[in-house]
Every structure is written in structure tokens, then in C-alpha cells.
Amino acid sequence: MAARLDSFGLTELAARPEDAFRLAGLAMAEGRRIPGYGGDYYFYRIGDAAAVIRTRLDPESGEEELLGMDTHAATACQWVCRMVKDVTPEDAGPLSRRVLIRREGGEELAVVDLLCADVLPDLREGDELRLGMAGFPLRIAYSEGACAGVVEAQRETVLLEGTVKDARVGETYLGMEPLTRFVSVTVSTRMGDVELCHPMELVAEDQRDLVKPGAVASALCVLSGDCAVGEYAGGLVFDEERNLTALAAFFRDGGVQRLRPLLHSDGACTFLENRQEGRENALALLSLVQRDLAEAGMTVRASGVLTNAGMRGRRCLLLGNREGFAFLCLPELDSLGRVRELLITNDPQYDFEVLPD
């Protein structure tokens, strides 16, 4: 959703459909691949700017399908925040997410378009997010004086005021060919530092001498937050907690193809007496189970831990309704953290405790 090539003076790179496809092809060939649950991202540096290509596997053809492109900046600014609400538009493209966030202990709210959101096993209200932050001003003004550092969410944008900590000329290039220059300022706000990128033409003539550290920047921005930072910089992370989170999201929303990456290629799924071996067969069984449970009204999910002797402490996912839990989902992981065996059972031999949410 944040395809702001204009902020870097790069509009001509995707001025025509064939230009956009050429850029996407270059990014997929030479960019850094970031695997996600429902598709892959390709992060392609264009100097101090970046194009991020969204793709997914077409289950019918087996070919990689191009979904869209976003932009970001080469930034070290990060926010640690809490998700307040998913505000993704109904017409948003696949793998695109927009969320309302709040900094821990703060009152300010910000609307952020997420990059590489599908590296996360789920996105729920209250989840902690670490985001690499860039902002693309639609309007910006520079002044001198006191600064409140305010961040105020609008419907799709953010009103932002902050003190300029650093100001420099950003550069874009393809290979050895220089392309454009743009203004890159690091601005301090109550929610954290954010890198604002915009052409100098966006600044009034009488304010251009104020584009420097110590000035106050006031802007109406589109904010972009990259989820592929920190432990997610390389994409998916497989372990017991994240696998159970992804499974819980699947039983809530469906979308069995999101489970493909976390299942071992020779993995198996057993539901009651039905055992299916191999990833594709296991996914087919899981799709049927999710549909049947949803139709039966078993839409309550909770984290649990086994208390049986010899199995004490193993994590599980509990499935049921408001009256109680009818099934227990127990994954067994391989050495890389992927699911090798998945058992969904109502066998009373398994004793468990429900963990607090």
C-alpha cells in the first residue's frame, strides 16, 4: 500500500506497466528473498531507497505470482509498539496489512502500512511489534522553536511533529548508474525516531535552509513499518510458540496454504483415526478439519500445556467452544523447528492445563 516511489523521485521507474514489471523482475532476480507464511517478499535496494515485491505461489500452476510492490527506506529507525487494531482496507492487495499501533505506556496512535507482515505467525490486538520505520510526507514544513513530538493518527495517514536529529541527501541508483537525490531526515517523536524521505521540491523555498538538525518538522505522512527486522530479518522463524500461533490463526481464519512452510515435506497429520503422510496430504486433511470444526461451532482456541507424566511441559493448542475444549492439537518438531508430526485428538489420556492468554 505504501508504493511511494515519488518520495524518492523514482516515479519514472514504474510509470508504465511494463516498467513496473521490469523493476519487479529485477528485484526478484537480484533482491534479498524474505520468506513468509503466505508468500515471499523480495527486498531490493535502490541506493538509499528500496522496492519490496510481494509474491505468492499459485497452487494450481506452481508458479510464483506477482502481487504488488511497496517502497521503503534504508533506515535504522525502529519502533517497539502494540497493535491496537487491524485497519486493513477491504480492497487491499494480498499480503498487505495496515494497523493502528500505540507505543507502550503512551497515548499517541499511528496508522502504519506494514511491510513483510506475513513473516509474523499472526497479527492480533495487543501483539508487540518491532518495526523498521520510514515516513513518506504528503506535506511537510520546517520551522524553529519548541516541539511537542506529537504523532496523531488520521484515517490512512499520520500527523507528525518532531525534532530533526539528522538531515542528509539520500541517493538512489541502479548498479553503478546514479538516478535521483532526495531529502532524508531522521525525526524524533514521542513514539520513536522515524526516517522521513521526500523530494526537496516539497519544501517551501523560504524553509529550505531549515532542513537541518535542531529544526522542527511538521508533516502529514504515510508511515511504513517493516516487520522483517530483528529476529525476523531473514523471514520466518520456526519454533514451538510460533508454530502454535500460526496453527491457532489457521483454525480461526482458515488459509491452509499459510501452514505449508512450517510443515516438513515428509510431515504427517493425524486427526482421530485418519492419518495422512506427506505435506500435501497433511494440508488437505487440515483443511477439512478446520472446515468441519468451524461448521460445528468449535471456534474457541487456547494455549495449553500437557501435565501427563513423561510429557509434562509440552505445549499444545486447545480447540473447542464456550462449553469446553473438545480437541487437543499437539505438534512434534524436527531439528529446524518445523512440524514433523501433528496430532489432533480427543483422547482423554492427555491431561492439560490452559495457559493464560
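Just the heavy atoms: all of them, side chains too, but no hydrogens, waters or symmetry mates, feed the values below. In this chain, residues are counted from 1 in sequence order.
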Looking at every non-hydrogen atom in both residues, tell me the closest pair between [X] and [Y] and how far apart they are.
{"X": "A110", "Y": "M191", "result": "CB-SD, 3.9 Å"}
{"X": "A134", "Y": "A73", "result": "CB-CB, 4.0 Å"}
{"X": "Y232", "Y": "C227", "result": "CB-O, 3.6 Å"}
{"X": "A117", "Y": "L123", "result": "CB-CD1, 4.3 Å"}
{"X": "P137", "Y": "A219", "result": "CB-CB, 4.3 Å"}
{"X": "C81", "Y": "I101", "result": "SG-CD1, 3.6 Å"}

Answer yes if the side chains of [X] and [Y] hold a donor-acceptor pair under 3.5 Å, and no otherwise.
{"X": "S224", "Y": "H72", "answer": "yes"}
{"X": "T163", "Y": "S188", "answer": "no"}
{"X": "T55", "Y": "E64", "answer": "yes"}
{"X": "Q349", "Y": "D347", "answer": "yes"}

State whether the side chain of [X] and the backbone N or O of [Y] hold a donor-acceptor pair below 3.5 Å, judged by distance alone.
{"X": "T299", "Y": "A294", "answer": "no"}
{"X": "R314", "Y": "P331", "answer": "yes"}
{"X": "R45", "Y": "R32", "answer": "no"}
{"X": "D334", "Y": "R338", "answer": "yes"}
{"X": "T71", "Y": "R4", "answer": "yes"}
{"X": "E332", "Y": "V339", "answer": "no"}
{"X": "D6", "Y": "G9", "answer": "no"}
{"X": "D127", "Y": "R124", "answer": "yes"}
{"X": "N308", "Y": "D351", "answer": "yes"}

Find out whether [X] and [Y] are in side-chain contact, i.e. whether some heavy atom of one side chain is under 4.5 Å from a heavy atom of the other.
{"X": "V80", "Y": "L129", "result": "no"}
{"X": "L10", "Y": "T180", "result": "yes"}
{"X": "F238", "Y": "N243", "result": "yes"}
{"X": "C329", "Y": "L247", "result": "yes"}
{"X": "L333", "Y": "H264", "result": "no"}
{"X": "Y142", "Y": "V185", "result": "yes"}
{"X": "E152", "Y": "V158", "result": "no"}
{"X": "R275", "Y": "C269", "result": "no"}

For this session: Verify side chain to side chain contact (heavy atoms under 4.5 Å, CB included) between R208 and M200, making sure each step is shown before the conclusion.
Result: CA-CA 8 Å; R208 293 183 180 181; M200 182 60 83; 3.8 Å; yes
Using 0.5 Å steps for rounding, measure from the [atom1] atom of [X] to the [atom2] atom of [Y].
{"X": "R279", "Y": "L286", "atom1": "CZ", "atom2": "CG", "value": "12.5 Å"}
{"X": "T11", "Y": "L5", "atom1": "OG1", "atom2": "CG", "value": "6.5 Å"}
{"X": "Q207", "Y": "S143", "atom1": "CD", "atom2": "OG", "value": "7.5 Å"}
{"X": "D118", "Y": "I34", "atom1": "CG", "atom2": "CD1", "value": "12.0 Å"}
{"X": "R190", "Y": "L160", "atom1": "CZ", "atom2": "CG", "value": "11.5 Å"}
{"X": "I53", "Y": "L23", "atom1": "CD1", "atom2": "CG", "value": "5.5 Å"}

Problem set entry | Members besides V300 in its Ile/Leu/Val/Met/Phe/Trp/Tyr cluster (side-chain heavy atoms under 4.5 Å) |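 Traced through the cluster, V300 reaches L306, M311, L318, F325, L328, L330, L343, Y350, F352, V354.
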Exercise. With a cutoff of under 4.5 Å between side-chain heavy atoms, which Ile, Leu, Val, Met, Phe, Trp and Tyr residues group with V150?
Worked result: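 None; V150 is a cluster of one.
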Treating Ile, Leu, Val, Met, Phe, Trp and Tyr as nodes and any side-chain heavy-atom pair under 4.5 angstrom as an edge, say whether [X] and [Y] lie in one connected cluster.
{"X": "M69", "Y": "L179", "answer": "yes"}
{"X": "V52", "Y": "W79", "answer": "yes"}
{"X": "V211", "Y": "V169", "answer": "no"}
{"X": "V119", "Y": "F250", "answer": "no"}

Problem set entry | Contacts of E241 that satisfy side-chain hydrogen bond (donor to acceptor under 3.5 Å, both in side chains) - sequence neighbours left out |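 Partners of E241 by the side-chain hydrogen bond (donor to acceptor under 3.5 Å, both in side chains) criterion come out as none, since no residue qualifies.
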Exercise. Residues two or more places apart in sequence or in another chain: which of them pass side-chain hydrogen bond (donor to acceptor under 3.5 Å, both in side chains) with D292?
Worked result: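 Result, side-chain hydrogen bond (donor to acceptor under 3.5 Å, both in side chains) vs D292: none returned.
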Residues in side-chain contact (heavy atoms from CB on, under 4.5 Å) contact with [X], at least two apart in sequence or another chain:
{"X": "P94", "value": "R56, L67"}
{"X": "R291", "value": "L288, E295"}
{"X": "L220", "value": "L138, R139, Q154, T157, L159"}
{"X": "V229", "value": "Q78, R130, D226"}

Exercise. For residues 172-193, which residue pairs qualify under ring-ring contact (aromatic ring centres under 6.0 Å, His included), counting only residues two or more places apart or in two chains?
Worked result: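 Sorted pair list: F8-F182.
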Problem set entry | Set of residues satisfying ring-ring contact (aromatic ring centres under 6.0 Å, His included) with respect to F327, sequence neighbours excluded |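 Expected list: F271.
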Problem set entry | Which residues share a ring-ring contact (aromatic ring centres under 6.0 Å, His included) with Y42, sequence neighbours left out |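 Checked Y42 against ring-ring contact (aromatic ring centres under 6.0 Å, His included); zero matches.
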Charged N-O contact under 4.0 Å between [X] and [Y]:
{"X": "K165", "Y": "D193", "value": "yes"}
{"X": "R54", "Y": "D40", "value": "no"}
{"X": "E108", "Y": "R103", "value": "no"}

Problem set entry | Heavy atoms from other residues, nucleotides or ligands near CD of E128 exceed 12 (cutoff 6.0 Å) |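 Result for CD/E128: enclosed.
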Exercise. Just wondering, more than 12 heavy atoms not from E323 lying within 6.0 Å of its CD?
Worked result: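 For E323, atom CD is not crowded (no more than 12 foreign heavy atoms under 6.0 Å).
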Problem set entry | Listed partners of D48 passing salt bridge (Lys or Arg N to Asp or Glu O under 4.0 Å), at least two apart |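 Only R168 meet the salt bridge (Lys or Arg N to Asp or Glu O under 4.0 Å) criterion with D48.
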Exercise. Passes side chain to side chain contact (heavy atoms under 4.5 Å, CB included), L342 versus T270? Steps please.
Worked result: CA-CA 6 Å; L342 185 62; T270 301; over 6 Å; no
For this session: Identify which one of R301, R258, R252, R97 satisfies the salt bridge (charged side-chain N to carboxylate O under 4.0 Å, His left out) criterion when paired with D122.
Result: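 In the set R301, R258, R252, R97, the residue that makes a salt bridge (charged side-chain N to carboxylate O under 4.0 Å, His left out) with D122 is R252.
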